Amino acid sequence: MRNAQEEEPPDPQLVRLDNMLLAEGVAGPEKGGGAAAAVSAATSSGGMSPDSSLEHSDYKSKLSQIRNIYHTELEKYEQACSEFTTHVMNLLREQSRTRPVSPREIERMVAIIHRKFSSIQTQLKQSTCEAVMILRSRFLDARRKRRNFSKQATEVLNEYFYSHLSNPYPSEEAKEELAKQCGITMSQVSNWFGNKRIRYKKNIGKFQEEANLYAMKTALGATQSEESPHTPNSTGSGSFSLSGSADCFLGVPPMNGEQPSYHMGAQDAPSRFSDRLYSTRESRTNGNWQEQNTPPSATSPGSDHSDNSD
DNA sequence: AAAGATGATTCCAC
DNA sequence: GTGGAATCATCTTT
């Protein structure tokens, strides 16, 4: 009697749903006030470019729509719950005239009712979470507002890539420098190199022309080395730019309908110590970063997957 | 509109 | 944490 446990045990899943709704600003105390502010602070905490403000307002309006629905539904359920509870209580009271009704029984009935309604609420919260996630993925997914890098930026990235073709894994410092030069973030540089490596390896032939182009460009720059608009700060060993003209020709050679077996390993000149200064984990992928070169259409073509899942 | 190019994300192994 | 691979969603070219 004393510790009447009408409080359900804190269902961890329900707690998670509640937390998420709170974090998304859906389950905030009042609409328009703190919740919206929290959302806008969370989604646009950095510098908000005028470009994305339109989408953000769209996002916010949709989110508040969800929030309104959520709150009205929640209220409806709560009201229905209390109504139903009082109704049952009245029934029990009436029955208590004709038969003994213990207060224990009343408590139990109330608990049952509350449990039922709270499960309904949980479902509501779940579907609300789903809606929010869909909304987020639709508006906040960076893939949806992809912009190609500037011509000059890809130029810089390609120059680095093809001049370090034997080991196209820029160090942190190199990435930073590239990011600065290209006006993109470091993770974008990482993305670019990841994509470039995999796509280059997949179809070397297609990139042959490009490789030649940049090899020649870099070679010219190495021999003449007239203009170098570098920011001369970097930590005392600015190296990455035109140090490896030897690499330039690694990508060029035997292109005559044959699959070029690339540098089998021996010729990676160890004299480029300046690169090694930077590299932290390149030893893992040193040298032949693309040894197993599967020619196109080497996969099992006819095999069905029958991988069905929703 | 279809095909290709490209930046970003996700899943996995290490 | 990283990078490889597959994939997605968009942009660009055809």
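Reminder, nothing fancy here: chain letters follow the sequence lines and each chain counts from 1. In this text, all values refer to a predicted model and were calculated from it rather than measured experimentally. We use all heavy atoms of the structure for the numbers below, so side chains are in, but hydrogens, waters and symmetry mates are not.
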> Looking at B:dA5, does its base get a donor-acceptor pair with the side chain of A:Asn148 below 3.5 Å?
Replying inline: no

> Would A:Phe84 end up clustered with A:Met109 when hydrophobic side chains under 4.5 Å apart are linked, directly or stepwise?
Replying inline: yes

> Taking A:Arg67 for the side chain and A:Ala27 for the main chain, is one N or O donor matched with an acceptor at less than 3.5 Å?
Replying inline: no

> Checking only heavy atoms, does the side chain of A:Arg199 share a donor-acceptor pair with the base of B:dG7 at less than 3.5 Å?
Replying inline: yes

>> Mind checking if A:Lys196 touches a base, just sugar-phosphate, or nothing, with heavy atoms under 4.0 Å?
In response: nothing

>> Before you tell me yes or no, could you show the steps for A:Trp192 and A:Ile184 under side-chain contact (heavy atoms from CB on, under 4.5 Å), namely the whole-Å CA-CA distance, both residues' side-chain angles and the distance that decides it to 0.1 Å?
In response: CA-CA 10 Å; A:Trp192 190 92; A:Ile184 59 180; 5.7 Å; no

> Would you say A:Lys202 reaches C:dA6's phosphate, i.e. side-chain N/O to OP1/OP2 under 4.0 Å?
Replying inline: yes

> Do NZ/NE/NH1/NH2 and the carboxylate oxygens of A:Lys76 and A:Glu73 come within less than 4.0 Å?
Replying inline: yes

>> Centre-to-centre under 6.0 Å for A:Tyr200 and A:Phe161, is that the case here?
In response: yes

> Contact class for A:Phe193 vs. all strands (heavy atom < 4.0 Å): base, sugar-phosphate, or nothing?
Replying inline: nothing

>> Taking the side chain as everything from C-beta on, heavy atoms only, tell me whether A:His71 gets closer than 4.5 Å to A:Val26.
In response: no

>> If you take any heavy atom closer than 4.0 Å to DNA chain B, which residues from residues 182-192 of chain A end up in contact?
In response: A:Gln188, A:Asn191, A:Trp192

